[in-house]
Amino acid sequence: MKLKATKGYDVVHAWLKEKSLSPFQFQQETWQHIIDKKSGLVNAPTGCGKTFSVFLGSVIDFINEHPKNYKTKSKNNLQLLWVTPLRALATDIGRAMEEVIDELGMNWKVGIRNGDTSISDRQKQKRQVPEVLIITPESLHLLLAHKNYTDVFKSLKIVAVDEWHELLGSKRGVQVELAISRLAGLNPKFCLWGISATIGNLQQAKEVLLSPIANLYQQSPDKFGETVTAQIDKNIQIESVFPDEIEKFPWAGHLGIKLVDKVIPIIMNSRTTLIFINTRGMSEMWYQALLTACPELAGVIALHHGSIEQDLRSWVEENLHTGKLKTVVCTASLDLGVDFRPVETVIQVGSPKGVARFLQRAGRSGHRPGEISKIYFLPTHSLELMEAAALKEATEIKLIESREPRLLCFDVLIQYLSTLAISDGFYPKDIFEEIKTTYCYRDINDEEWQKILQFTTAGGVALQQYDDYKKIEIIDGLYKINNRRIAMRHRMHIGTIVSDPMMKVKFISGGFVGVIEEWFIARLQPGDIFTLAGRTLEFVMIKEMTALVRKSNAKKSIIPSWQGGRMPLSANLGFMLRKKFDEAGLLLHKKNKKGIDREITELQPLFELQEYLSHIPKQNELLIEHIETQDGFHLFVFPFEGRLVHEAMAAVLAYRISRITPITFSLAMNDYGFELLSDQPIPLDDTNSYGLFSPQNLFADIQRSLNSVEMAKRKFRDIAVIGGLIFTGFPGEQKKARHLQSSASLLFNVFAEYEPGNLLLRQSYNEVMEQQMEEERLRKMLERIQKSKIIITFPNRLTPFCFPIKVDSMRENLTSEKLEDRVKRMQMQLEK
DNA sequence: GACCTGCTGCGGCTTG
């Protein structure tokens, strides 16, 4: 495609030429669309100039509009609104944009508006609106909460939503949708561009973002907008780290520290290495282990995770950028963000749980078009090695996960209405029309809308006697909040991220180290030694919700753990894993092992034992193992559908079996399968297996088998905070976690008793089903099982497949030392 | 209610 010659393009083209840069095809395509005033989605990997695709497009467009005076034109006049999910990205992108503007001699200003923006900068931006404003979704809503906010957006020409794939699928994405619907209501002339990495549902991603704009043009949202794809194929090299003797490598575990000696040469042979660890606690352990194994790393190795003080993290990022650091051990905290050009090698320790995440991390290395991205996969137990084989093939065929957009988030809607009410107020009729243009709320009905309005103005049915919940007043039909206290509190609570209250950790001598959860600190005695941010610390005391510590030289220390999210194995990776096990099973009977993944051939001894004791399931089979040990009667099932689905399925199966015979179970699960354990034989056999895994009555059986009320209550806490029902305190004034949960629980009970139809209550149950149980996936799994062959085996001892689940379930009752002894004993028995 | 594996992300302490 050749770009139409325009003044704007000439100017930009000349500039590019001067810099000896030639634009990529996808960038030119985007520019053309922007010139033609179209909207759409750019699909490009990070680090290949996706920023410039849209940014330069807006520059070209501006020059075209003002060919004569583009150098002097414009002041106080927002042209481009750049939405990005990360504050850290804003500075970098802003700097790059300023450079271009400077070199083109244009009279544009770039402003950054987020929580880091100083008060004086905010005031400056208010007096003189910059031409380019880089903003987070939260800050964008804060703008909508300002009086006369409509003035700011009058001149807006282009809105870009960067990293849209990161926002889609979360309530932050819903916030973006709402903001877009409002802007579309105000200023129908702007173009909207999303920028996204590759995901499974790109078309849907485009539709979600562009829906309100499609509505303006009265077009059907699923067909509206352009898709521009960068044809830049990243060369990704995946290499497994193999233990020397697979026979001696543990069958279970999650840390993988036994392979630390294999990591040192990789670090040494590479300029810089990022080591991704799945949890914060384990990243602390790896950091220590690497330093112990290779003391020369002192000073060039660092640690980075979400509970480390922001300043320390920035220091690490900065020094990684300049190449001073050779290695950084990190968690998902470095998945996104600053463009780490010098990173040469990436190591993934343990399961990345999904294809997209793995590719994202691989892409952190060789971060330039044309360069090879090199990633090592380090397994934490034997069977996990199969994930490397699965990831390789998934990468080849681009089996990348989708991000499902969230629907009908009433909590976010309530927050949004309060936001509009504290600025200029709103007329329900207009706003209802607007929100219905979003993907999230397109199916909202009149009754639900009335309930929402009633809720924000009168506290709904249950809370009508409490003035605190009557936030919005109606004056001549205008919905408005005039109470300054309510307005202030609301501004402080804009956003959809609800975190557990944490305790800060600070040196007595001053200086913050990071944050830790209350329960962890609560069990420490003064004088106890623990580790945080790679430092050994002695706990002194708690003062004003801050744990005071001093440095320590002790050799032994406790490593904290945090209660984070529990990402399950993705459906795509599970699918590929089943395929690889199928291949492994076939291979046992084959002489010629050419062309077979090395991971599979290395694991041959393990597979032989599995096949001897039980069976290796094929793709169209479900393996069930009945095993009797001194602990009792075990039933192991291996659907490979991820922890959350297994958790729900285990409960449903236990319930269904208990209807055949009165029987109680204890349950255990991991990403590959689950276990039912009982003191009596478990009546599951050929005659009833399909019935027990039937999708029929699934919903009812879930309700009966899981404590959905308790689960909904937990979900409700976040919903209540987002919806503004619970005030989590002024900044710095931390509320206790217990306190927060109990106020949420109280509200939950009130609704359950007096207003069972409450929308937020309903939403919490829906979120349990959709997010926690992954009901959709559970149902699909059961349908798959109905079409599969169920293979029931009776091994006379534990098998390589069930061993990791067994070890995980033992962990619950034992301390780690005892566990280690016990695992050894189990393994010895197996080797007999 | 919390641990023995359990991520990340944002915002707020005014204004007339």
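Treat the numbers as computed from the prediction; the structure is a model and nothing was measured.
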Which of these nucleotides, B:dC10, B:dC3, B:dT8, is closest to any side-chain atom of A:Ala332?
B:dT8
Counting the atoms with a prime plus P, OP1 and OP2 as sugar-phosphate, which does A:His493 contact under 4.0 Å by heavy atoms, base, sugar-phosphate, or nothing?
nothing
Proximity to the side chain of A:Met282 - top-ranked nucleotide from B:dT5, B:dC7, B:dC3:
B:dT5
Quick one: the side chain of A:Arg87 and the base of B:dG9, do they pair up donor-acceptor inside 3.5 Å?
no
Lys/Arg N to Asp/Glu carboxylate O, A:Asp411 vs A:Lys715, below 4.0 Å:
no
Which nucleotide, B:dC7, B:dT5, B:dG12, lies nearest any side-chain atom of A:Arg122?
B:dG12
Among the nucleotides B:dG9, B:dG11, B:dC3, whichever has the atom closest to the side chain of A:Ser333 is B:dG9
Among B:dG11, B:dT8, B:dC10, which nucleotide has an atom closest to any side-chain atom of A:Arg172?
B:dC10
Looking across every strand, which nucleic acid part, if any, lies under 4.0 Å from A:Gly115 by heavy atom: base, sugar-phosphate, or nothing?
sugar-phosphate
Of B:dC10, B:dG12, B:dT8, the nucleotide closest to the side chain of A:Arg113 is B:dG12
Test the A:Lys258-A:Phe249 pair against the cation-pi criterion, namely NZ or CZ under 6.0 angstrom from the six-membered ring centroid and within 45° of the ring axis.
no
In whole angstrom, give me the gap between the P atoms of B:dT5 and B:dG9.
24 Å
Spacing of A:Ile486 atom CD1 relative to B:dG12 atom C1', expressed in whole Å
17 Å
Could you give the distance separating B:dC4 and B:dT8 at their C1' atoms, to the nearest angstrom?
23 Å
A:Tyr672 side chain to A:Glu387 side chain, donor-acceptor N/O pair below 3.5 angstrom:
yes
Please work out if A:Gly306 contacts a base, only the sugar-phosphate, or nothing of the nucleic acid, heavy-atom cut-off 4.0 Å.
sugar-phosphate
Using a strict 4.0 Å threshold on nitrogen-to-oxygen distance, state whether A:Glu138 and A:Arg87 make a salt bridge.
no
Nearest-Å distance, CG (A:Asp500) to C1' (B:dC10)?
16 Å
Please list all pairs meeting side-chain hydrogen bond (donor to acceptor under 3.5 Å, both in side chains) that have one or both residues in residues 304-313 of chain A, counting only residues at least two apart or in different chains.
A:Arg280-A:Ser307, A:Glu284-A:His305, A:His304-A:Glu317, A:His304-A:Ser333, A:Ser307-A:Trp562
Listed partners of A:Asp335 passing salt bridge (charged side-chain N to carboxylate O under 4.0 Å, His left out), at least two apart:
A:Arg361
Check every strand shown and say whether A:Asp335 touches a base, only sugar-phosphate, or nothing at a heavy-atom separation below 4.0 Å.
nothing
Phosphate OP1/OP2 of B:dG9: any A:Ser499 side-chain N/O under 4.0 Å
no
Closest to the A:Gln563 side chain, choosing from B:dA2, B:dC10, B:dC4
B:dA2
Looking across every strand, which nucleic acid part, if any, lies under 4.0 Å from A:Lys713 by heavy atom: base, sugar-phosphate, or nothing?
nothing
Is A:Leu167 touching bases, backbone alone, or none of the nucleic acid, heavy atoms closer than 4.0 Å?
nothing
Of all the choices, B:dC7, B:dT8, B:dG1, which nucleotide is nearest to the side chain of A:Arg714 once you look at every atom?
B:dG1
Between A:Thr331 and A:Ser283, do the side chains contain a donor N or O and an acceptor N or O under 3.5 Å apart?
no
Rounded to whole Å, CH2 of A:Trp562 lies from C1' of B:dT5 at a distance of 12 Å
With a 4.0 Å cut-off on heavy atoms, is A:Ser139 in touch with a base, just the backbone sugar-phosphate, or nothing at all?
sugar-phosphate
Does any part of the side chain of A:Glu641, heavy atoms only, come nearer than 4.5 Å to the side chain of A:Glu774, both counted from C-beta?
no
Taking atom P in both B:dG6 and B:dC10, what distance in whole Å separates the two?
23 Å
So does A:Arg523 get a side-chain nitrogen or oxygen closer than 4.0 Å to the phosphate oxygens (OP1/OP2) of B:dC4?
no
Rounded to the nearest angstrom, tell me the gap between atom CG in A:Leu140 and atom P in B:dG12.
12 Å
Between A:His646 and A:Phe674, how do the two ring planes meet: parallel, tilted or perpendicular, split at 30° and 60°?
tilted
Short N/O separations, protein against nucleotides 14-16 of chain B, under 3.5 angstrom:
none

Checking B:dC10, B:dG12, B:dC7 against the side chain of A:Ile497 (C-beta onward), the nearest is B:dC10
Distance in angstrom units between A:Leu144 CG and B:dG12 P, rounded
13 Å
When you match A:Asn278 and A:Ile494 each to their closest nucleotide on DNA chain B, which lands nearer the 5' end?
A:Asn278
Sugar-phosphate only, base, or nothing, as touched by A:Arg361 at under 4.0 Å among non-hydrogen atoms
nothing
Atom-to-atom span, CE of A:Met567 to P of B:dG9 - whole angstrom:
13 Å
Spacing between A:His254 atom NE2 and B:dG6 atom C1', to the nearest angstrom
9 Å
What's the CG-C1' distance between A:Asp116 and B:dG11, to the nearest Å?
10 Å
Closer than 4.0 Å, any side-chain N/O of A:Thr331 to the OP1 or OP2 of B:dT8?
yes
Might you point out which heavy atoms bring A:Leu168 and A:Ala205 nearest each other, and give the distance in Å?
CD2-CB, 3.6 Å
Nearest to the side chain of A:Met492 - B:dC7, B:dC10, B:dG12?
B:dG12
